[in-house]
Amino acid sequence: MTQGRPGGAAWAPLWERDAELAAATQAVDALCADAMSVGGLLVFSGEAGIGKTALLAEVRRIAEARGATVWYARGGEAVTSVPFNVVRQLLQPALIAFTPEEEREYLGDWYDIAGPALGIVAPGGRQADPQGVCDGLVEVVFRLAQLKWPLVLLIDDAHWADQETLHWLAAFARRLAELSVLVVIAHRPSDTEGDSARHLASVAASARSFTTLHALTPDAAAGLTRATLGEHADAPFCREVWAVTGGNPYETVELLAKVQDSDLEPVESSADALRALNRTAKGRGLIARLEDLGTDATRFAWAAAILGTAISLDMAARLAVMPRAAAERCAEQLCTTRILLRGEDGLEFVHPQIESTVYRSIPSATRTAMHGVAAAVLTQEGRSAADASRHLLEVHPEDDPDMVEQLRQAAAEHLAVGAPDAARRCLERALKEPPLPEIHARVLYELGCATLLTSPSTTIRHLREALSMRGLDRELRVDAVCRLSQALVHNDQLGEGLRAIAEEAARLEPGPALLRLQAVHYMWEGIHAGEEDSPARSRRLADLAGPLTGRDNSERALLILRAFDAMTRGENAELVVELCDRALVNGRLAPGLGWTDTEWSFELRLLLGGSYAFSDRLDRAESLFTEAVRVYETAGWSGGHLALAHAFLGYVYRRRGRLIDAEHSLRESLRLADRVGKGLPMHWEAASMLIDTLLARGHIGEAGAIADRYGFAPPSASTIYVPDAMSVRGRLLLALGRTEEGLNELEATAKALTARGQYNTVLAPWAYDLARALAHDNPKRAADLVADARMQAERFGTDTAIGEALRCEAALATGPRSIALYRQAATYLEASPCAYEHAVARVEYGIAANAVPELERGLTLARTCGADGLAERALAHLPLVRG
């Protein structure tokens, strides 16, 4: 049993905590012994009053005694709605010790991304990406931990931490093995649900040690009673102390303190009085005890409960409407009676249970009014609307236009620091006020925009309501419809998204606004795999885009869409490139069409890069997607946008024959996509590209594993993929020896793509795989497929398309004709930017012609590309060719 220290009652929560203290001591010692030690996470879980806070305090004492730096933060029931509250508590004391120049030096590229969330940098005007901000905070702690080793982070009452902090904590916990830092967390499991419970479960999964704290045993309660009241306390009395408190350490301490105050003798005859005495420590008993201190002390306690943690005496005095001297007297009274205590950052409640009880005891009307006063005081002090928002959320609606504007401003500030959920709460509260009729639709529009990245279904509801009301000017209505269609598409409701655009377009006269809607309509149609009458749509798009010069972004968008459609249909590649070039300004994306601009969906830029990539302009595609990765990383956008940027850049590497670089980028894409969610279209996009890359490398088993992991099998989502996903799946099935399934997949692909008029043999090379698979049993069908594919390739006109058609035709031919076709294929593919396809052609040419130089050249190319399977094939044939 841990016997505690002098004044044993104060150390009651440490009784029977030997195992927990031993684990903590061992972790601290390991941390302090070696700067290269692996990081660790300890989690202490238990109900209220079980001793979590005291245990963290002892860990702090142990760590500081060994020379470690200790940072501490605590969640609070009254401040769970304040974004980044706990992580700010944790890091701000360290950061404010730096000069602004030092902050920039230590935070580096993350300064402008994480700085606003930490409250050390003014937020910008653009909505921050929540995942990017989270990643920035992880990196900030990494850098500070390296600077401050050995570092211990303590987080108490994590169940009351804000969602943004818990998101960061879960991400940080997963990377602790990379850093020498110890994190110790205490939380109450019964008070968590929803996202909080999910985040804390993720944290617990990363813990080195997870301990559920239990109540004191009767023996421990007896030992504590005698240590507090004296050895003369008899057994029946000690047993009753345990029975009354249930062994809860906090309640035991409070009860024994009251026994001391009441001069109650610790003997059996006094046992009956313990229950009445215990009631004064909680619930109505606590409130009665507070009321006994007088009106001023009660009102000051109310003010403290409104403010929550780190309570400023001056702020509480203003809120309680009393002079500072009176407030000081009240604070002293409340500290003496163990309701408040003085902490490092101001006053705080002795225990969260007391804070909750006091807060809930405030009459409803008074509590609401005090929140309103608190918001006003913060505003008068020059604090931001975001700082005041947690109080504004508690004020009853009163049809106040100023309140609506404050909440809208707070929402904008929350979005700018990467806290969309906090912004949503503010705008939902603004709607209850309610807004004036002329701005009601605008508030709904802002709410819809705030939830676009996190909840498409919520966005749909709010934007539809906004569009049903008066108050949005034409430009804003068009923007709302475009965002609504984006949310519907991302919610797998493409048909409804197209209808929303069509209905709004019918209201507009010709002009830029109508062109924008038409462009968005064609964009969603263009990526929808189940579209009917695709050839007719292509003709309409060609007619619309034909005379456009790219004078504004609506025209540029239509030119990109026309280019992508022409590319998928296999029209002349020179036309495709010319259309893409017309959509640029001096060879670059136009202002408003940049990667982080939100007026146009970022899919538009992906279509532009994809059009270049499959038209043999891989240099321009690589430049675009390299810029995308750089821009997103610099801006802190590390969610789906960055995932797809890595995917498309990786596939450009694949087309160039840089297979190892391609695999690395595509795996990074999937890693990022996994953090966004599960089973998303972006998973299929990146998985298709990675499987294609792994097949090119000859890693068939790994390709199959990726397909299994991401459910890469019918039915697919209703989206067109680059490259064609079903063509890739058919090739995978054939490579795995599942021939019948592979043939069925390729036949279905042929039927679907032909119906849509999509004949690009580089984007969807199904004909070549199908022809090779049918060559033995159905040579005529195979020859017809290749002949048609060669015609389409020559129509498209790129070296890659023609070279691949010739290579497949050569594989089906025999004798001198086969060798001649291979020679032609190798010549075309040498001129193309696709090094892997050139390597395959050289190897196959060398094998067919028994030409050692060609085979050796192909082997060198295969090794340079990272095509292990092709290199092995070349090596296996070299001895045979040399004879």
Side-chain angles (χ1 to χ4, degrees), residues 48 52-53 56 71-93 117-119 137 154-169 185-188 191-196 199-200 301-313 315-316 318-319 340-341 343-360 362 367-368 370-379 381 383-395 406-407 410-411 413-414 417-426 429:
K52 301 181 297 295
T53 298
L56 259 60
W71 296 341
Y72 171 85
R74 174 185 169 192
E77 187 177 17
V79 289
T80 55
S81 65
V82 180
F84 305 108
N85 170 55
V86 174
V87 74
R88 285 185 179 187
Q89 286 183 55
L90 203 61
L91 303 185
Q92 275 186 344
L118 291 170
L137 291 172
L154 305 177
I155 301 177
D156 198 5
D157 291 330
H159 52 281
W160 282 331
D162 55 277
Q163 290 297 314
E164 292 75 13
T165 290
L166 290 175
H167 184 197
W168 159 77
L169 184 58
I185 298 168
H187 74 98
R188 192 187 306 170
D191 283 0
T192 57
E193 59 184 14
D195 286 342
S196 292
H199 288 313
L200 285 171
W302 289 355
I306 293 288
L307 296 174
T309 57
I311 303 154
S312 158
L313 181 70
M315 184 73 172
R318 293 180 67 179
L319 193 53
L340 292 179
L341 57 83
E344 295 180 0
D345 301 317
L347 296 166
E348 59 184 79
F349 283 90
V350 167
H351 195 274
Q353 283 183 306
I354 297 178
E355 179 182 349
S356 297
T357 300
V358 172
Y359 182 81
R360 291 165 187 165
I362 307 173
R367 183 168 61 236
T368 299
M370 292 181 80
H371 276 295
V373 172
V377 169
L378 288 171
T379 303
E381 289 184 349
R383 303 279 288 276
S384 68
D387 289 335
S389 64
R390 80 172 180 92
H391 297 293
L392 295 174
L393 293 173
E394 302 299 329
V395 176
Q406 281 184 284
L407 288 164
E413 292 171 8
H414 288 318
V417 300
D421 282 342
R424 173 187 55 78
R425 288 191 293 270
C426 289
R429 172 61 185 79

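Nothing fancy with the numbering, it's 1 onward along the sequence.
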Nearest atoms (heavy-atom pairs only) where [X] meets [Y]:
X: Ala158; Y: Leu166; result: O-CD2, 3.7 Å
X: His414; Y: Cys426; result: CD2-SG, 3.7 Å
X: Tyr359; Y: Glu394; result: OH-OE1, 4.3 Å

Which of these passes side-chain contact (heavy atoms from CB on, under 4.5 Å) with Leu90: Leu118, Leu137, Ile155, Asn85? Ile155
Is it the case that Gln163 and Ser196 place a side-chain donor and acceptor less than 3.5 Å from each other?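 Short answer, yes.
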In terms of the angle between their ring planes, are His167 and His199 parallel, tilted or perpendicular, with boundaries placed at 30° and 60°?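 Aromatic pair His167/His199 classed parallel.
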Side-chain contact test, heavy atoms from C-beta onward, threshold under 4.5 Å: evaluate it for [X] versus [Y] and give yes or no.
X: Leu341; Y: Val350; answer: yes
X: Asp387; Y: Glu413; answer: no
X: Glu348; Y: Arg74; answer: yes
X: Val377; Y: Met315; answer: yes
X: Leu169; Y: Ile185; answer: yes
X: Thr379; Y: Gln406; answer: yes
X: Ile311; Y: Phe349; answer: yes

Using atom types as modelled and distance alone, determine if a side-chain donor or acceptor of [X] lies under 3.5 Å from a backbone N or O of [Y].
X: Asp156; Y: Lys52; answer: no
X: Arg429; Y: Leu407; answer: no
X: Arg390; Y: Ser81; answer: no

For Arg318, which residues count as a salt bridge (charged side-chain N to carboxylate O under 4.0 Å, His left out) partner, sequence neighbours excluded?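 Counting only residues at least two positions away or on another chain, Arg318 forms a salt bridge (charged side-chain N to carboxylate O under 4.0 Å, His left out) with Glu381.
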Cation-pi check, Arg188 onto Trp160 ring (under 6.0 Å, within 45° of axis):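 Judged by the rule, Arg188 and Trp160 form a cation-pi pair.
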Is there a side chain to side chain contact (heavy atoms under 4.5 Å, CB included) between Thr165 and Val87 once you walk through the steps? CA-CA 6 Å; Thr165 290; Val87 74; 3.7 Å; yes
